[in-house]
Amino acid sequence: MTQLTPTGLVRILGQVTVILAVPIVGGAVVGLVVDRLLGTLPLWFLVGFGAGNLVAVAGLALLIRRGQRRLRGVQPAVPSADRPHDA
């Protein structure tokens with residue numbers, strides 16, 4: 001298994017932050033704007049916030065699935081018995 005460097009950990013933390021924060025805050029802001037235009041506080045804010053949470057959870061699930069696929073693609077360093085060895 002490959003080791004994560006501090007830079008790699010910061011990159012992953014940044015990705016998770018963006019995947020979670022942007023949809024949640026974006027959905028809430030869009031909901032506030034629509035509420036202000038229609039005069040329906042807090043209906044569309046709650047709808048936007050909920051939709052943002054759903055998008056954030058889906059994005060996080062896709063990030064986790066991509067990480068799992070990468071881990072499954074990594075082959076162990078132990079030589080296989082059926083592979084010929086270079087001498």
Inspect the surroundings of CZ in F49 and state if more than 12 heavy atoms from other residues, nucleotides or ligands are less than 6.0 Å away. no

Closest non-hydrogen atoms of D35 and P42, given as atom of the first, atom of the second and distance, are OD2-C, 3.4 Å

Using the rule that Ile, Leu, Val, Met, Phe, Trp and Tyr join whenever any side-chain heavy atoms are under 4.5 Å apart, tell me whether L38 and L43 fall into a single cluster. yes

Please name the pair of heavy atoms, one in V55 and one in P23, separated by the smallest distance, quoted to 0.1 Å. CG1-CB, 3.8 Å

Taking V47 as the starting point, is it possible to reach V33 by hopping between hydrophobic residues whose side chains are less than 4.5 Å apart? no

Are V30 and W44 in one and the same hydrophobic cluster, where Ile, Leu, Val, Met, Phe, Trp and Tyr link if side-chain heavy atoms are under 4.5 Å apart? yes

Enter the distance from R70:CZ to R65:CZ here, rounded to the nearest 0.5 Å. 14.0 Å

In terms of heavy-atom contacts, G59 and I19 come closest through C-CG2, 3.5 Å

Short question: side chain of T5, backbone of G8 - any donor-acceptor pair under 3.5 Å? yes

Going hydrophobic residue to hydrophobic residue with side-chain gaps under 4.5 angstrom, can you get from L20 over to L9? yes

Consider only side-chain heavy atoms of I, L, V, M, F, W and Y, link residues closer than 4.5 Å, and tell whether L63 and L4 are in one cluster. yes

With sequence neighbours excluded, what pairs up with I64 under the side-chain contact (heavy atoms from CB on, under 4.5 Å) test? L60, Q68

